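To start, the structure itself, in structure tokens.
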Amino acid sequence: MFPVKEKLHEVLSTLQPGVRLVAVSKFHPVDYILAAYEAGQRVFGESHEQELAVKVPALPKDIEWHFIGHLQTNKVRHIAPYITMVEAVDSLRLLREIEKQAARCNRVVKVLLELHIAEEATKYGLTPDDCRRLLDDGEWRTMSHVQICGLMMMASLTDDQEQICREFQTAADLFDELKARYFADDPAFCERSWGMSDDYRLAMAHGSTMVRIGTAIFGPRVY
Ligand SMILES: *Cc1c(COP(=O)(O)O)cnc(C)c1O
């Protein structure tokens, strides 16, 4: 078995104070998750509803599950009963559906708005202007079963560190702007979810509060 506990401790020892770890366990087996759990990790990220449907019942109840991938609206009702945070909200339509399904479960689901800054055309997410429009529109203020807690983004897959830094900084600047314009009185809007195995050190240098790390803890994924 991959040395999950050792790798987890290695990663944790490199996190800046105040930065939380989401251990990204997608495509990894339940016993890997349990190994991290036994080493103290409680927050795990997954990106497929059907994988969660198998893993959640098999694992301890005090795990905080974050949905980190692209979420189709027709999948929301399956995860609404237990998901703690949906990290990649990329449309008002998805936000409405989370509100509706969380209300049915009498829960409040935390969400992050997913920013699209990276150059890859295939990535999902809201442009900075989409974000401003969504928040200007104001419908989110009427939603009592979703809590917008901040922004999430993925930097471009590139070796160009300066480009990665520019993208993280763009996200950090937008966070500050949105915080001041829409969430100045809302302490819950505080999360900046950026940084993965290969770039989390750069991300922390650009204001990340939450890193989503898979490979560095669990090893390579077998798809
Ligand atoms: C898979 C995934 C990660 C983790 O990536 P690693 O490179 O394995 O650390 C982080 N964020 C998102 C959105 C992912 O889909």
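Numbering starts at 1 and runs along the sequence shown. We count ligands from 1, going down the list as the structure has it; atoms in each ligand are counted the same way. The shown structure was predicted, so the numbers you read here are calculated from the model rather than taken from an experiment.
Between Tyr124 and His70, the ring-plane angle classifies as parallel under the 30° and 60° cut-offs.
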Where does ligand 1 get N/O contacts under 3.5 Å from the protein, atom by atom?
residue, atom, partner, partner atom, Å
ligand 1, 8 (O), Thr215, N, 2.8
ligand 1, 8 (O), Thr215, OG1, 2.5
ligand 1, 8 (O), Arg221, NH1, 2.8
ligand 1, 8 (O), Arg221, NH2, 3.2
ligand 1, 9 (O), Ser197, N, 3.0
ligand 1, 9 (O), Ser197, OG, 2.5
ligand 1, 9 (O), Gly214, N, 2.9
ligand 1, 11 (N), Arg212, NE, 2.9
ligand 1, 15 (O), Lys26, NZ, 2.6

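For Asp136, the salt bridge (charged side-chain N to carboxylate O under 4.0 Å, His left out) criterion is met by Arg181, not counting sequence neighbours. The ring pair (Phe, Tyr, Trp, His ring centres under 6.0 Å) search around His66 returns none, not counting sequence neighbours.
Only one option out of Val109, Ile98, Leu52, Val111 pairs with Phe67 in a side-chain contact (heavy atoms from CB on, under 4.5 Å); it is Leu52.
Each ring pair (Phe, Tyr, Trp, His ring centres under 6.0 Å) pair with one or both residues in residues 129-162, not counting sequence neighbours, appears once here: Trp140-Phe183.
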Go through it in stages, so that I can follow the logic: the residues are Phe27 and His48, the test is ring pair (Phe, Tyr, Trp, His ring centres under 6.0 Å), and I'd like the CA-CA distance, side-chain angles, deciding distance and then a yes or no. CA-CA 9 Å; Phe27 294 100; His48 298 277; 5.5 Å; yes

